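Start at 1 with the first residue, then count along the sequence. Just so it is clear, the structure is predicted and the values come from calculations on it, not from any experiment.
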Amino acid sequence: MPIGPSRPLNLAKPESIDIRQAARYFGARGEADSATLTLLEKCAAPLLAAATPRAVWLEADVESLTQAGILKGEDIFRHLEGCSEALLLAVTVGPGVDGRIRRAGVGDIAAGVASDAIGSVLAEQAADAAEAELRQWAAREEKYLTGRFSPGYGDWPITVQPKVAAVLDTARRAGICVLNTNLMTPRKSVTAILGVSDHP
C-alpha cells in the first residue's frame with residue numbers, strides 16, 4: 001500500500017477541558033491550589049469557545065514512509081516493530097485558540113501562561129478523540145493500533161514535520177502549516193503516527 005490519500009476526521013469540540021491536567025502543564029506540583037484552579041477555569045471558557053477542532057489522517061505502508069524520508073532514527077522503528085503499515089495523523093484546535101492565548105497574555109502574564117497550558121490540553125484532548133475514532137476504524141478492519149508517537153519524541157526528529165504535513169496535505173485539509181522552524185501553525189496542533197498490525 002503506497003502513501004495516502006489523506007482523509008478528514010470529524011471531531012466534535014470537547015464538552016470541557018481537563019483542568020487538573022492543565023494545572024500540571026501550568027507547573028502545579030501535586031494538587032493545584034484553589035487560586036490556580038480558579039485562574040485556569042476562568043481562562044478555559046474563552047479558549048473552548050474559540051476551538052474549531054480539525055483532523056486529517058492517512059494509511060500507508062512503513063516502507064513507503066521510510067522511502068519518503070518521514071521515518072528516521074531508531075526509536076520510531078522500535079515503536080513500529082511488527083507493523084507493516086501505519087497511520088499518520090494531524091490534529092489542530094484551530095487559529096482561534098492561538099488568538100485567545102495571545103490576547104490573554106496582554107498585560108497579564110499568568111493568564112497568558114494559564115491559557116497556553118489550557119490550549120495544550122485542548123490539543124491533546126482533540127488528538128485523543130481522533131485516536132479513538134481511528135481505533136474504531138481499526139476494529140472494523142480487524143486491525144490493531146499502537147499508541148501515538150509524534151515527531152520530536154526520542155530520536156524521531158522534528159525536521160520530518162514538513163514532510164508529514166505535505167503527505168497529509170494539512171494546509172488544505174486541516175489549515176495546519178509548518179514554519180521554517182519546523183513548528184506548526186496553529187501552534188496548538190499535533191502530528192503523530194500509529195502502527196497498524198493484524199494482531200494485538
Given Leu179 and Met184, is the side-chain contact (heavy atoms from CB on, under 4.5 Å) satisfied, shown in steps? CA-CA 6 Å; Leu179 306 173; Met184 290 179 285; over 6 Å; no
For Phe77, enumerate each residue passing the ring-ring contact (aromatic ring centres under 6.0 Å, His included) test, keeping only those at least two apart in sequence or located in another chain. none
Cluster link Val160 to Phe149, ILVMFWY, side chain under 4.5 Å: yes
Gap separating the CD atom of Glu15 from the CG atom of Leu48, nearest 0.5 angstrom: 9.5 Å
Determine whether a donor-acceptor pair (N or O, by modelled atom type, separation under 3.5 Å) exists between the side chain of Ser6 and the backbone of Leu168. yes
Other hydrophobic cluster members with Ile158, side-chain heavy atoms of Ile/Leu/Val/Met/Phe/Trp/Tyr under 4.5 Å, chained? none
Considering only Ile, Leu, Val, Met, Phe, Trp and Tyr, and joining two whenever side-chain heavy atoms are under 4.5 Å apart, list the other residues clustered with Val91. Leu9, Leu11, Trp57, Leu87, Leu89, Leu134, Trp137, Leu145, Leu194, Val196
Gap separating the CD atom of Glu81 from the CD1 atom of Ile76, nearest 0.5 angstrom: 12.5 Å
For Thr92 and Arg54, which I'm curious about, is there any donor-acceptor pair between the side chains at under 3.5 Å? no
Does any non-hydrogen side-chain atom of Ile176 lie less than 4.5 Å from one of Thr185? no
Please answer: with hydrophobic residues joined when any side-chain heavy atoms are less than 4.5 Å apart, are Leu39 and Ile109 in the same cluster? yes
Considering all heavy atoms of both residues, which atom of Thr52 and which atom of Pro95 are nearest to each other, and what is their separation? OG1-CD, 4.4 Å
Interatomic distance, Leu88 atom CG to Leu65 atom CG [nearest 0.5 angstrom]: 5.0 Å
Where do Ala130 and Ala55 come nearest, in terms of heavy atoms and distance? CB-CB, 4.4 Å
Looking only at heavy atoms, which two atoms of Gly154 and Asp75 are closest? And how far apart? CA-OD2, 3.1 Å
When you measure from the side chain of Asp155 to the backbone N and O of Gly73, does any donor-acceptor pair fall under 3.5 Å? no
Asp128 and Arg148 ion-paired at < 4.0 Å: yes
Any non-hydrogen side-chain atom of Val113 less than 4.5 Å from a side-chain atom of Phe26? yes
With heavy-atom distances below 4.5 Å as the criterion, would you say the side chains of Ser115 and Leu47 are in contact? yes
Treating Lys72 as the side-chain partner and Thr66 as the backbone partner, does any N or O pair qualify as donor plus acceptor under 3.5 Å? no
Side-chain heavy-atom pair Pro14, Leu122 within 4.5 angstrom cut-off: yes
Looking only at atom types and distance, does a side-chain atom of His79 sit under 3.5 Å from a main-chain N or O of Gly147, one as donor and one as acceptor? yes
Kindly determine whether Lys188 and Glu124 satisfy salt bridge (charged side-chain N to carboxylate O under 4.0 Å, His left out), including the steps that lead there. CA-CA 9 Å; Lys188 299 308 177 185; Glu124 281 300 314; over 6 Å; no
Between Ala126 and Val93, which heavy-atom pair has the shortest distance, and what is it? CB-CG1, 3.9 Å
Run the numbers on Ile3 and Glu59 for side-chain contact (heavy atoms from CB on, under 4.5 Å), then give the verdict. CA-CA 7 Å; Ile3 296 174; Glu59 193 179 4; over 6 Å; no
Report yes if some heavy atom in the side chain of Tyr25 is under 4.5 Å from a heavy atom in the side chain of Val121; otherwise report no. yes
Within the 4.5 Å heavy-atom criterion, are Gln125 and Ile17 side-chain neighbours or not? yes
How many angstroms lie between atom CZ of Arg102 and atom CG of Asp116, to the nearest 0.5 angstrom? 11.5 Å
Minimal non-hydrogen separation, Thr146 against Gly195, with atom names: OG1-N, 2.7 Å
From OG1 (Thr170) to CD (Gln161), nearest 0.5 Å: 8.5 Å
Are there more than 12 heavy atoms of other residues, nucleotides or ligands under 6.0 Å from atom CD of Glu141? yes
Flag yes if Val190 and Tyr153 sit in one hydrophobic cluster, no otherwise; membership is Ile, Leu, Val, Met, Phe, Trp, Tyr, and two members link when side-chain heavy atoms are under 4.5 Å apart. no
Heavy-atom closest pair, residues Arg173 and Pro8: NH1-CD, 3.5 Å
Same cluster or not: Leu80 versus Leu58, using hydrophobic residues (I, L, V, M, F, W, Y) connected whenever any side-chain heavy atoms lie under 4.5 Å apart? yes
Can you list the steps and then say if Glu85 with Lys143 is a side-chain contact (heavy atoms from CB on, under 4.5 Å)? CA-CA 10 Å; Glu85 297 170 8; Lys143 294 178 179 180; 3.4 Å; yes
What's the spacing between Trp156 CH2 and Ser150 OG if we round to 0.5 Å? 7.0 Å
Evaluate side-chain contact (heavy atoms from CB on, under 4.5 Å) for Arg7 paired with Val56, printing each intermediate quantity in order. CA-CA 5 Å; Arg7 294 178 257 184; Val56 61; 5.8 Å; no
